[in-house]
Structure formats: C-alpha cells, structure tokens
Amino acid sequence: MLIKRRKDWEIPEIVATPEVAYFSRRRLLHGAGAVMLTTALASCDNKKPSAAASAPDPTAGLYPAKRDPAYKLDRAITPENAVTTYNNYYEFGTSKDIADDAQMLPIRPWTVSFEGMVEKPFTIGIDDLIRKMPLEERLYRHRCVEAWAMAVPWTGFALSKLIALAKPLSGATFVEMQTFMKPDVADGQNQSFYPWPYTEGLTMAEAMNELAFLATGLYGKPLAKQNGSPLRLAVPWKYGFKSIKGIVRFKFTTKRPTTYWEALGPTEYGFWANVNPDVAHPRWSQASEELIGTASERVLTKIFNGYGAQVASLYKGMNIGDALFR
Ligand code: MTE
C-alpha cells in the first residue's frame, strides 16, 4: 500500500479542502465524469516526458537577474522546495502534488500571440520575447484564496513592458490571457466539463500598474514547469488564481473576460479577486493565512495583501466589500 507522508508544512486536507477538489467533486457528482477523471489521471502514471519536454532552457544563462530592492518582504522567503512541490495547476490534476506530471509539458518551441485591439496582431517565440525584456528579480507575497500564503522570489519583467511591445489600441479596456491547450500531455484538459483553456484577465489600468509582473524565473533560475513555465502572471494584491500559468495568448478587448474560476463557480469567484480579509469566501475565512514552509505559522491577512499603497487607487469609488471578491 502507498502511504503518503505529509511534509510538516503541508496543511491537513481537512483544514483546507482545495477549491479544485470541492468543485470537481461537486461537478463530478452531478455528471458522469467521475470514471473519466479517474481513468485520465491514472493514465498519467505510466507516461515519461518526451525528448522535447526534457530539452534544456535556452535562456537559462540569463538567471539570476539583479534583485529590484523596491520590492521588499515582511516575512522570510519561503523555502524553494515548498514553492515547487505545493502547487495548483489543474491542467495536471486537482491535487497539490502535480510537479512530476507538469514535467510532461514541452516548453520549447513556445509562442505567445498578441490579438484583438492591437496595432498589428503578431506572434513571438518565447526566447525572443524574454531576451527583449529587462529581467529583474522581485520578492512578492503570494496569497491563495485557500488561505495559505508564500513569499516568492520571482524573476521576470513588468507586464507594462510587454504591453508596450504589444501596442494595444487606446480604446482597449481589458487584457485577456490564456493558457496552452495540450490535452495530450496535460491530462486534466481531457475533462471537458472544465472551462479550458484557463483564462484570466485584468483591466488595462491594473495591467499597467507597476506591480503586475510576468514571471519567467524563480529562485534565480528559469521558472519550474509546475509554477507556470515559461510565462506566468504574478499579481500579488490578488488571490493566487488570478496569476495564470503557461500563458500563450494576450488579447486586448473592451469586453470583460469570463475567467476560468468565474465560469466554474460564479457565486464563489469573481473577476476582481483582490485580497480582502473582511470578505470571507463561503468555505474559507480570509482573515488570516498559513505560511507554507513554516511550522503552521499563521499571520493576519492584509487588505490588498499589503500592497494597498500601490493599488488602492485603482478601485476608488468601488464597493470593496461587494466588488472585490465576488
Ligand atoms: N494557472 C493555470 N493555467 N492553471 C491553474 O490551475 N492555478 C491558479 C494559479 N494559476 C492555475 C493557474 C491558482 S488557484 C493558484 S493559487 C496559483 O496558480 C498557484 O501558483 P503556484 O502553484 O505557483 O503557487
């Protein structure tokens, strides 16, 4: 019998039912998908990453990048081993333990497209894109709606720099982002009742905020696949589900995107998803958070995850209690 020993920093499942597990359980109970899910996830066990998925990263020499001292933490950096083994990446399964399965994903060649309201739509290879951007390291807090938190050294570049390259038209009000679709290597995507591809969005004002960051690296190295390599968003004032991984597409638009989690649970997840200790999720109080990588240390959660000075002005006039979470 396989006995899984929980690492001392892992939250017991009884305390934090992953949102994923909750929704998948509910959706599965209402559909005929249970058998399909079990079969698809089990089939993962026998697969090995292809040669393409094992190829070295051509941009590895760009790391580590210089740390930007403007982005400081009020807590210790989370141990790397915790950040790279306790993940949410539903494309590879609904548990936190998807790091091995994520190795199946080939991340070269990888292209990123710019569509919708741009001067001229175009597609660029990830290596060309990364080499065009001014890489820097930033220390950010990372807060999941499941009430756990980490402190992470991302390497990457400001989303505003990518927007400058994309040249959106002045009328665009939202940027929509999408993850790859590769059900041959990402078994979770074979579950058609999930609204694939994973989609997220920001208002243009949010996207241009100095904190909105695209990560290509982690702990002074290229980003691990389980953390969203080769390109993932990091918006530290919002709950972690806004920080979309494995991005292949940016679309500029006037229509507010319907996000993956909104489509799955519209009464529980909204577009804004700003961290707010005063607005409880139906299944998790947001008042405090457990620091992953510690011996169950809990700290009080701050409004906008402590980044109010940089972002509060984006939401002036909005009803924070209503609009920010749901
Ligand atoms: N992006 C994609 N494409 N698929 C996902 O399942 N999960 C989100 C977010 N980005 C997710 C995703 C959630 S719920 C969280 S909390 C963070 O990624 C987790 O990031 P981490 O595993 O690097 O901590």
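Start at 1 and go down the list; that is how both ligands and their atoms are numbered. Keep in mind that what you see is a predicted model, and the values were worked out from it rather than measured.
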Colleague: At under 4.0 Å between heavy atoms, which part of Thr179 makes contact with ligand 1: side chain, backbone, both or neither?
Modeller: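 Side chain only; the backbone of Thr179 stays clear of ligand 1.
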
Colleague: Ignoring hydrogens, just give me the one of Gln226, Lys245, Lys242 whose non-hydrogen atom is nearest atom 22 (O) of ligand 1.
Modeller: Lys245

Colleague: Considering only heavy atoms of Asn87, which atoms of ligand 1 have at least one such atom less than 4.0 Å away?
Modeller: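 Answer, ordered by atom number: 21 (P), 22 (O), 23 (O).
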
Colleague: Please give me the minimum heavy-atom distance between Asp127 and Pro58, naming the atom from each residue.
Modeller: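 Nearest heavy atoms, Asp127 then Pro58: OD2-CG, 3.4 Å.
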
Colleague: Is Ser243 close enough to touch ligand 1? Criterion: a residue heavy atom under 4.0 Å from a ligand atom.
Modeller: yes

Colleague: Answer with side chain, backbone, both or neither: which part of Tyr89 has a heavy atom less than 4.0 angstrom from an atom of ligand 1?
Modeller: both

Colleague: Going by heavy-atom distance to atom 13 (C) of ligand 1, choose the closest among Trp261, Trp196, Phe241.
Modeller: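 The nearest heavy atom belongs to Phe241.
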
Colleague: Tell me the nearest of Leu223, Ile247, Asn88 to atom 19 (C) of ligand 1, using heavy-atom distances.
Modeller: Asn88

Colleague: For a ring-ring contact (aromatic ring centres under 6.0 Å, His included) with Phe174, tell me which candidate from Phe252, Phe250, Phe271 qualifies.
Modeller: Phe271

Colleague: Residue-level breakdown please: for His142 versus ligand 1, do any non-hydrogen atoms fall below 4.0 Å on the side chain, on the backbone, on both, or on neither?
Modeller: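 Answer for His142: side chain.
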
Colleague: Could you see which bit of Arg232 sits under 4.0 Å from ligand 1, with heavy atoms only: side chain, backbone, both or neither?
Modeller: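 It is the side chain that touches ligand 1; the backbone stays farther off.
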
Colleague: Within a reach of under 6.0 Å around CG of Asp100, are more than 12 heavy atoms found that belong to other residues, nucleotides or ligands?
Modeller: no

Colleague: Tell me which one of Glu262, Glu200, Glu176 satisfies salt bridge (Lys or Arg N to Asp or Glu O under 4.0 Å) with Arg256.
Modeller: Glu262

Colleague: Would you tell me which option among Tyr239, Trp148, Tyr198, Phe180 has the nearest heavy-atom contact to atom 12 (C) of ligand 1?
Modeller: Tyr198

Colleague: Can the ring centres of Tyr315 and Phe304 be said to be less than 6.0 Å apart?
Modeller: yes

Colleague: If we count only N and O atoms by modelled type, under 3.5 Å, do the side chains of Gln310 and Tyr71 hold a donor and an acceptor together?
Modeller: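 There is no such pair (donor and acceptor under 3.5 Å, judged by atom type) between the side chains of Gln310 and Tyr71.
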
Colleague: Could you tell me which atoms of ligand 1, counted from 1 in the order shown, lie closer than 4.0 angstrom to a heavy atom of Cys144?
Modeller: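 Once the distances to Cys144 are compared, the set is 16 (S).
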
Colleague: Does either side chain, that of His281 or that of Gln286, offer a donor lying less than 3.5 Å from an acceptor on the other one?
Modeller: no

Colleague: Does either side chain, that of Lys96 or that of Asn87, offer a donor lying less than 3.5 Å from an acceptor on the other one?
Modeller: no

Colleague: Using distance alone, with no hydrogens and no angle criterion, decide if Tyr239 and Trp261 have a side-chain donor and acceptor under 3.5 Å apart.
Modeller: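 No, because no side-chain N or O of Tyr239 sits under 3.5 Å from a partner of the opposite role on Trp261.
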
Colleague: Which of the atoms of ligand 1 are close to Ile244, meaning less than 4.0 Å from one of its heavy atoms?
Modeller: 1 (N), 10 (N)

Colleague: Within ligand 1, which atoms have a heavy atom of Glu91 less than 4.0 Å away?
Modeller: 2 (C), 3 (N), 4 (N), 5 (C), 6 (O)

